[in-house]
Structure formats: C-alpha cells, structure tokens
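Worksheet for the structure shown next.
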Amino acid sequence: MARNRTPAITKIPTKQAGIFRSWTFLIAGFLFVVTRGYILFVLGPQISDVENTYFIYAIQAYDAHLVPYSADVPVEYPPLAWWIIYTPRFLNSQHITQTSEIQPALRAYAVIFRGFMFSCDLASAVLLTLIVRRRNPELLGWAMLTYTICTAILAHLLYDRLDIALLALMMGWGYCWLRAKENSSPAFVWSTAAYAVLGLSISFKLIPIICVPFLVLSDWRTQQKVKRLSAGMVALVLTIGLPFLIQYAISGPGVFAFLKYHGERGIQIESLYSTLMMIGSLFGRPVFVVESHSAFDLEGSLAKLMTALSNVLMYGFLAGTWLWAFFRRSAYGHEDAYRAACFVMVGALICSKVLSPQYFIWAIPLALLLAVDTLPARSATPWLLAALLIIFAGLTTWLFPYHYTNMPDHTGLLPIGSPDSSVLQPLPCIVLGLRNVLYLGIVILLGLLLYRKVDRIEGVKG
C-alpha cells in the first residue's frame, strides 16, 4: 500500500505561517509607502519621456493648436494614451505665450502626470492584493513584497512613462475576469466588464490584443457562449473603437498612422535579437547603432535575418500557446484563459524585436499573477522566482538610465558621441545579454509551471 509522503518543506504550523504572511504583507505595505514617497518627492527623473516627449506633444496640440497625429504632432500611441498625455496640459488652462512660461508649465504638467501615474500604481497594488487574496492568499505577502521591490528598482520608469497605466488596466481586466463565474447573473456582468476593460487597454497600447483569442476560446466552450460572447464582443469593440472614432473626428485618418510607424520599427538595442547581433559581431559581423522611430536600433548584416526570426518566434509563440489551449478541448476553462493571457503578455516581450525597459513595469506584475496561480506556496520556489525578478529589475536599471547613454569613460550601452558608433562597449553588452537570458529563463520557468499546473488539474479530474 502506497504511503502518503508530505515533503518536509510543507510542514509549517498554520499559525506560524499565517503570522509570517501577515508580517510580509505589512513590510510590503511599509516599503510601498516609503519608496513611493521617495520616487514622488525626492528622486529626480532621468531621460524622462514626460519632458522629452509627452509635454512637447501636449503644448503643440494645446498651445500651438496643431493637429495631433499629423506630421506636426506625430503621436505614436493609440488615442486613449494620447488623451492621458494631453490632459495634464489641458487641466493647466493658462496658454503659453512666451518662452519664460514654458518651465512653470512643464513643472505643472509633470506634477499632474506623475500624480496620475501614482494613482495607477496604487490601483495596481490594490487590485493585485484583491486578486491574490482570491487566488492564493498564502502568497499575498510574497506577491506584494516582490511587486513593491521590483517596481521601486525601476523607479525612473515608474511615473515618467505610460506603462503603469497599462498595468492598472490589465489588473482591472484580471480582477473582472476572475469574478466572472459561469453560473450566476453577476458573472455575466463581470465577464462583460472584463472585455470592456481589456478593450480600453488595447485602445491605450495595442499589445493586450494578443489576449483576446484565449478569452474567446474559453467563452466559446461555455453553456452561455452566445450570450457571453455577444456581450463581450460588443463591449470590446466599443471600448476599442470609440476612442479611435472620437480621435478620428479630430485628426482624420492620421489617427491610424501610428500602426505604420510601429510596423516599420527595427531591431531595438535592448531586444534579444540585438543581443544575438552583438554576439555575431564577435565573429566579424558588423553592427552599428542608429536612431530611428524615437528609439535606438541595431543595424548590420544580421538585421534582416533577426527581423525575420522575430516574426517567426512571435507568431510561433502565440499560435503555439493558443493551439495548446485549443487541443485541451473541454479541459480548457475560464481560469485557464486568465493564466494563458498573462503568460502570452509576459512571453511576447522576449519574442519581440521592440523591447524597451518600461515594458517591464507591467510584465513583472503579470508574471507575479501567473506565478500566484501556478507556484506551490509552501516551498522555496516563490522566493527563488522573487530573487530572479529582483535581479532582473536591477540589471535593467543598471542599464537604463545609468549606463544607457555614453558615459565620460565610454561605458554606456549606446556609443553615441564616440568617434566610432559601431564600437560597442563590452560591459553593458554583457549585462544586457545576461538580462535578456535571465528574462528568457523566467518565461520558460513560468511556462513549465503553467504546464505542470494544468497537468496536476487534469490528473485530479482524471
């Protein structure tokens, strides 16, 4: 007769474990208050898009009365993101009439913009807490502590970019989707709300559109598929389409120009493919840095091959994950769609040829949501993953902003300003390579955890 064998690491007294979890959550809350106060009131921004991009767009539209999405104001974001960029300038209703008024207007703009991003950060933390309490309360303190530390390490990106707002929307989608139980009337409302919030996130930044097929597949296999999908698709189309229609009335067909803009982008210098090109340069393949589409790309003899490879890997990754879900048939359910959507959002970054450090503001928390659903709570694995994510965030910040542009001693990742822009410095390239390999490893680990979770569930059902 087989004996029940409980691993030693799970033999933690319930009361002791509860106290540990409570203290971890309290420490996370304390660190959140301290770090956010420091970021808001002490930390000076470096290479800030608020000053270098958003404010310029806003004053061009508000003060110079130029048309957004035109050649004069080439906005490269979807309409909902543009409205957030524009609103802080609109709220400060005094028009700029002379040069001396620019700096006070910029300070007022930055206060409003950063304040809004802080509210998105706070909303994300609250929604993360609510989700984890529903999914795996034993990991609540762990999730909040990891979230707080990782986002604090990425401090220069947290409130000076738009990505924390995208995270708040994705957290809102996740909360609504998980509240949508199949056999109750409030579930229908929550499901519709989930599609609506996801639509808003797509009209903010396009990448969440990759989640839609996984949600549709899940609802297609429910008994209420006609009702849920009809309402969900209407909500999705409206929340994506209305912002575009409203902006179309202002900007005309130029509102869609950002699609072409992003389709033309090259191999961004922080992507995995850029790392492969850097390795190729050790074997005589020429590489050099170019500035294109408001970013720095790597060009050279391998650029076309890397572009093709990025397309193959991205579409292969998305299609492969969806087909895996599809062939699970009736075993694929509502919660599986949630996990798959989180996974493809996290994994798509490493497959993309366009990779900016601010994307990790939302990728790391989505990785935490997936981990909460797949990790065994009473083991060392959660803390191992937390350590990997913290190290990853540290390497990212070491690169950006501290070793991104050229240093006086020429140790920056970008050789801009050097006598030869084709000479890449070894140290930042090595750090970038380690960072990218570490992130790839985290994605693979999450994929394995997801597969094992599904295997355990289907084993129990079987």
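Both backbone and side-chain heavy atoms feed into the values below; hydrogens, waters and symmetry mates do not. This is a predicted model, so every value here is computed, not measured.
- In terms of the side chain to side chain donor-acceptor pair (under 3.5 Å) criterion, residue partners of W362 (sequence neighbours excluded) are, by chain and number, D163.
- At a threshold of 4.5 Å between non-hydrogen side-chain atoms, the residues T405 and F296 do not count as touching.
- With respect to H156, the ring pair (Phe, Tyr, Trp, His ring centres under 6.0 Å) criterion is satisfied by exactly one of W398, Y402, Y404, F400: Y402.
- Atom CG of L427 sits about 7.0 Å away from atom NE2 of H403, to the nearest 0.5 Å.
- Contact between L43 and A155 at its shortest, heavy atoms only, is CD2-CB, 3.5 Å.
- With sequence neighbours left out, D49 forms a side chain to side chain donor-acceptor pair (under 3.5 Å) with R161.
- Separation of atoms CD1 (I85) and CD1 (I56) is listed at 11.5 Å; rounding is to 0.5 Å.
- Checked by atom type and distance alone, the side chain of R114 pairs as donor or acceptor with a backbone atom of I39 at under 3.5 Å.
- Of the residues listed (E264, Q268, R265), the one engaging H293 in a side-chain hydrogen bond (donor to acceptor under 3.5 Å, both in side chains) is E264, and it is the only one.
- Atoms CZ and CG, on F204 and L166 in that order, are 6.5 Å from each other to the nearest 0.5 Å.
- From M233, atom CE reaches atom CG of D219 across 7.5 Å, with rounding to the nearest 0.5 Å.
- Taken to the nearest 0.5 Å, the CG atom of L355 stands 9.0 Å off from the CG atom of L272.
- A123 meets the side chain to side chain contact (heavy atoms under 4.5 Å, CB included) test with no other residue; sequence neighbours excluded.
- Listed by chain and number, the residues in a ring pair (Phe, Tyr, Trp, His ring centres under 6.0 Å) with F244 are F256 (sequence neighbours excluded).
- The closest donor-acceptor contact from the side chain of T397 to the backbone of I153 lies under 3.5 Å.
- L369 pairs with exactly one of R339, M345, M171, R135 by the side-chain contact (heavy atoms from CB on, under 4.5 Å) rule, that one being M171.
- In this structure the side chain of Y273 never reaches within 4.5 angstrom of the side chain of L298, judged on heavy atoms.
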side-chain contact (heavy atoms from CB on, under 4.5 Å) evaluation trace for D373 with Y338: CA-CA 10 Å; D373 254 40; Y338 162 78; 3.8 Å; yes
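- The one candidate from F113, Y62, Y159 that meets the ring pair (Phe, Tyr, Trp, His ring centres under 6.0 Å) condition with Y54 is F113.
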Can you list, pair by pair, the side-chain donor-acceptor contacts under 3.5 Å of residues 434-448, counting residues two or more places apart and other chains?
{"residue": "R435", "atom": "NH1", "partner": "E270", "partner atom": "OE1", "Å": "3.4"}
{"residue": "R435", "atom": "NH1", "partner": "T396", "partner atom": "OG1", "Å": "3.1"}
{"residue": "R435", "atom": "NH2", "partner": "E270", "partner atom": "O", "Å": "3.2"}
{"residue": "R435", "atom": "NH2", "partner": "E270", "partner atom": "OE1", "Å": "3.1"}
{"residue": "N436", "atom": "ND2", "partner": "E270", "partner atom": "O", "Å": "3.2"}
{"residue": "N436", "atom": "ND2", "partner": "S271", "partner atom": "O", "Å": "3.2"}
{"residue": "N436", "atom": "ND2", "partner": "T275", "partner atom": "OG1", "Å": "2.9"}
{"residue": "Y439", "atom": "OH", "partner": "V346", "partner atom": "O", "Å": "2.6"}

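- When side chains are defined from C-beta on, L106 counts as touching Q103, because their heavy atoms get closer than 4.5 Å.
- The two residues R89 and D63 come nearest to each other via the heavy atoms NE-OD2, 2.8 Å.
- Residues P208 and W173 are not in side-chain contact: their nearest non-hydrogen atoms beyond the backbone lie 4.5 Å or more apart.
- Heavy-atom minimum distance, A61 versus Y86: CB-CE1, 3.9 Å.
- For I209 against P213, the heavy-atom pair with the smallest separation is O-CD, 3.7 Å.
- Between Q247 and S251 there is a side-chain heavy-atom pair separated by less than 4.5 Å.
- S48 places a side-chain N or O within donor-acceptor distance of the main-chain N or O of V50, the cut-off being under 3.5 Å.
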Output side-chain donor-acceptor pairs under 3.5 Å for residues 67-77, partner residues at least two apart or in another chain, one line each.
{"residue": "Y69", "atom": "OH", "partner": "Y77", "partner atom": "O", "Å": "2.6"}
{"residue": "Y69", "atom": "OH", "partner": "P78", "partner atom": "O", "Å": "3.3"}
{"residue": "S70", "atom": "OG", "partner": "V67", "partner atom": "O", "Å": "2.4"}
{"residue": "S70", "atom": "OG", "partner": "D72", "partner atom": "N", "Å": "3.3"}
{"residue": "E76", "atom": "OE1", "partner": "Y57", "partner atom": "OH", "Å": "2.6"}

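- In terms of heavy-atom proximity, F317 sits nearest to A348 at CE2-N, 3.6 Å.
- Side chain of W177 to main chain of H334: a donor-acceptor pair is present (N/O by atom type, distance under 3.5 Å, no hydrogens or angles).
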side-chain contact (heavy atoms from CB on, under 4.5 Å) assessment of V132 paired with F25: CA-CA 12 Å; V132 178; F25 183 76; over 6 Å; no
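- Put simply, the side chain of L375 reaches to within 4.5 Å of the side chain of W142, judged on heavy atoms.
- Between F214 and F343, a ring centre-to-centre spacing not shorter than 6.0 Å is recorded.
- One N or O on the side chain of T151 and one on the backbone of T148 form a donor-acceptor pair closer than 3.5 Å.
- Taking F118 as the reference, nothing meets the ring pair (Phe, Tyr, Trp, His ring centres under 6.0 Å) condition, with sequence neighbours excluded.
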Y359 vs V354, side-chain contact (heavy atoms from CB on, under 4.5 Å): CA-CA, chis, key distance, verdict: CA-CA 10 Å; Y359 298 166; V354 178; 3.7 Å; yes
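- Residues satisfying the side chain to side chain contact (heavy atoms under 4.5 Å, CB included) criterion with T239, sequence neighbours excluded, are A196, L200.
- Minimum interatomic distance between P428 and G412 (heavy atoms only, all atoms of both residues): CG-O, 3.6 Å.
- Within the 4.5 Å cutoff, the side chain of L158 has heavy atoms near those of the D121 side chain.
- In this view, S294 and Y261 satisfy the side chain to side chain donor-acceptor pair (under 3.5 Å) rule, not counting sequence neighbours.
- Look at D297 and K353 and you find no salt bridge, because none of the NZ, NE, NH1 or NH2 atoms lies under 4.0 Å from a carboxylate O.
- Looking at residues two or more places apart in sequence or on another chain, you find no side chain to side chain donor-acceptor pair (under 3.5 Å) involving T129.
- Under the rule for a ring pair (Phe, Tyr, Trp, His ring centres under 6.0 Å), F258 has no partner lying at least two apart in sequence or in another chain.
- Under the ring pair (Phe, Tyr, Trp, His ring centres under 6.0 Å) criterion, H262 pairs with no residue at all, not counting sequence neighbours.
- Side-chain contact between S292 and E299 is absent, with no heavy-atom pair separated by less than 4.5 Å.
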I84 and M117: CA distance, side-chain angles, deciding distance, side-chain contact (heavy atoms from CB on, under 4.5 Å) verdict: CA-CA 10 Å; I84 290 176; M117 292 304 145; 3.8 Å; yes
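- In this structure, the separation between OG on S201 and CG on L198 is 4.0 Å, given to the nearest 0.5 Å.
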